[in-house]
Amino acid sequence: VSRLDWAPVSLSCLLSCLALLGSAEAEAQPITLRAGTLLDGTGEVRRDATVVVDGGTIARVETTPGPATYDLGGLTVLPGLIDTHVHISTHFDERGRAASADEPPERAILAAAENLFLTVASGFTTVQSIGAPEDLELRKMIARGRFPAPRLFTSVRPVSERTGTPDEIRVFVRAVVADGADVVKLFASKSIREGGDPTMTAEQVAAACGEARSLGRRTWVHAHSAEAVRRAVAGGCTAVTHGSQVTEAELSVMAERGVYFEPNIGLVSQNYLENRERFLGTGNFNAEGFAFTERGIPLKLEMFARALKVPGVKLLMGTDAVAGAHGRNVEEIIYRVERAGQRAADAIRDATVVNAAALGMEGRLGVVRPGAVADLIAVEGDPLEDIRALRRVVFVMRDGVVIRNEVRGR
Ligand SMILES: [Zn+2]
């Protein structure tokens with residue numbers, strides 16, 4: 001998908017997005033969506049189903065025909081997609097370069113708003129941002145319900161080996177949770193461009209994950225090498241992200257201990273390479289780093305194929321989306337199916353039901369069933385037959401409010 005493909009999307013969405021302003025009150029009555037095909041998230045497929053939405057919640061799913069508020073009869077309806085790993089405020093600046101901290105804050109925050117819009121318009125109604133302090137203001141703005149955006153979870157600020165001793169790390173975790181973090185992010189290994197070795201000690205990892213758990217918060221551990229992954233599992237952490245060097249042994253232990261695994265194989269590296277000139281010279285992006293990124297792509301594909309073979313691994317769908325990737329999150333799902341051979345139904349289940357559980361929202365998000373939040377999207381075609389159908393999102397509802405609708409008047 002080229003960046004230009006978004007131009008018509010943004011224009012056509014503008015009208016329906018403006019309607020959002022008045023829709024919170026207007027849709028106080030129950031509304032109905034007729035789905036030609038309904039994928040409920042768990043793997044169940046229903047034909048000609050009607051979803052009844054009341055007050056932002058799914059009231060019931062019916063099969064009795066009758067007039068519907070939104071006739072999505074020729075489309076496939078599924079739960080709003082979830083991405084457990086984005087960097088929502090990352091963007092390219094006015095010079096087209098990966099933005100740095102010296103950019104004026106008003107430009108930075110508007111770019112973040114644009115990313116939120118692109119993300120929800122592409123069918124992702126929930127994202128977890130790994131994470132930046134400005135996420136707190138974004139989350140507040142989203143909660144006001146006047147801006148078309150996905151629901152946002154955030155880690156605000158990460159823990160790293162430089163945070164300090166285990167005791168200092170516990171103090172930091174309490175502070176970041178008090179600031180409003182939904183999840184605690186640990187930087188427990190070097191980046192893949194620097195080899196991925198562990199950076200935090202086992203004691204530091206256990207302190208962070210233990211403290212977060214005692215405060216009722218989940219933990220997300222950036223870990224590439226097998227040893228860094230083992231420390232996260234031993235520390236009782238919720239999820240491991242990246243894991244580019246995991247072997248069957250770590251995958252089995254993660255499965256056994258119920259630790260979620262969020263590999264990012266289809267979008268982040270490819271996006272860095274597509275936008276090489278924009279990143280080159282920023283952060284640790286040099287020629288050597290790019291060579292490493294390039295070599296990493298087939299290795300990550302092999303790693304994912306290994307993960308599919310280990311029974312019981314709880315795979316998450318997280319993209320690690322940075323500048324250039326927002327709104328293209330679905331490419332991770334497509335890559336998993338087309339390149340890594342994951343079953344389409346499983347890939348969709350990861351991006352809905354499994355992701356919801358990893359966010360502590362089991363039964364509330366990622367499913368179409370009574371009592372769940374009314375986050376629903378519709379796509380042209382059947383993603384079970386052709387996963388690329390997920391690129392053709394024509395309807396998005398979040399919390400019972402229609403954010404995008406290109407079905408009307410067709
Ligand atoms: Zn990341």
Side-chain angles (χ1 to χ4, degrees), residues 82-92 98-101 112 115-116 119 124 126-135 138 150 152-161 163 176 181-200 205 208 218-225 228-229 232 237-246 260-275 278-279 282-285 289-290 292-293 296-297 300 303-304 315-329 331-332 335 351 355 358-359:
I82 301 170
D83 188 336
T84 54
H85 192 148
V86 300
H87 297 272
I88 201 67
S89 51
T90 53
H91 62 280
F92 299 126
S100 57
N115 290 341
L116 286 166
T119 302
F124 284 78
T126 301
V127 296
Q128 178 165 263
S129 182
I130 306 283
E134 61 267 25
D135 291 347
L138 294 171
L152 184 73
F153 292 85
T154 177
S155 61
V156 189
R157 296 187 304 276
V159 178
S160 75
E161 80 282 6
T163 306
V176 79
D182 302 298
V183 58
V184 176
K185 166 72 186 289
L186 283 69
F187 258 111
S189 86
K190 291 184 179 172
S191 100
I192 189 171
R193 289 180 295 283
E194 295 162 341
D197 285 337
T199 48
M200 293 177 70
V205 170
R218 301 167 294 109
T219 40
W220 231 252
V221 185
H222 166 115
H224 280 286
S225 75
V229 170
C237 308
T238 312
V240 167
T241 175
H242 309 311
S244 58
Q245 297 159 27
V246 293
Y260 292 97
F261 181 40
E262 183 214 80
N264 328 108
I265 65 166
L267 181 61
V268 62
S269 299
Q270 291 83 350
N271 177 70
Y272 279 132
L273 295 170
E274 285 160 24
N275 292 287
R278 295 165 180 263
F279 287 104
T282 66
N284 59 4
F285 293 98
F290 274 112
F292 215 103
T293 301
I297 290 174
K300 290 204 274 183
M303 172 274 291
F304 188 81
L315 281 173
L316 302 179
M317 206 304 290
T319 60
D320 201 8
V322 296
H326 303 292
R328 300 198 293 141
N329 315 57
E331 297 307 314
E332 177 82 19
Y335 186 89
N355 273 2
L359 296 177

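When a ligand or atom number is given, it counts from 1 through the structure's own listing order.
- Counting just the N/O/S atoms of His85, the one with the shortest distance to the Zn ion (ligand 1) is named NE2.
- For His87, the N/O/S atom at the shortest distance from the Zn ion (ligand 1) is named NE2.
- For the residue pair His326 / Thr90, a side-chain donor-acceptor distance below 3.5 Å is found, with atom types taken as modelled.
- Each of Val86, Ile130, Asn264, Thr241 was evaluated against Asp320; a single residue qualifies, Asn264, per the side chain to side chain contact (heavy atoms under 4.5 Å, CB included) test.
- Thr319 and Asp83 form a side-chain donor-acceptor contact under 3.5 Å, judged by distance and modelled atom types alone.
- Put simply, His242 stays out of reach of the Zn ion (ligand 1), with no N, O or S atom under 2.8 Å from it.
- The existence of a salt bridge linking Glu274 and Arg328 is confirmed by a sub-4.0 Å separation between a basic side-chain nitrogen and an acidic carboxylate oxygen.
- Take the N/O/S atoms of Asp320: the one nearest the Zn ion (ligand 1) is OD1.
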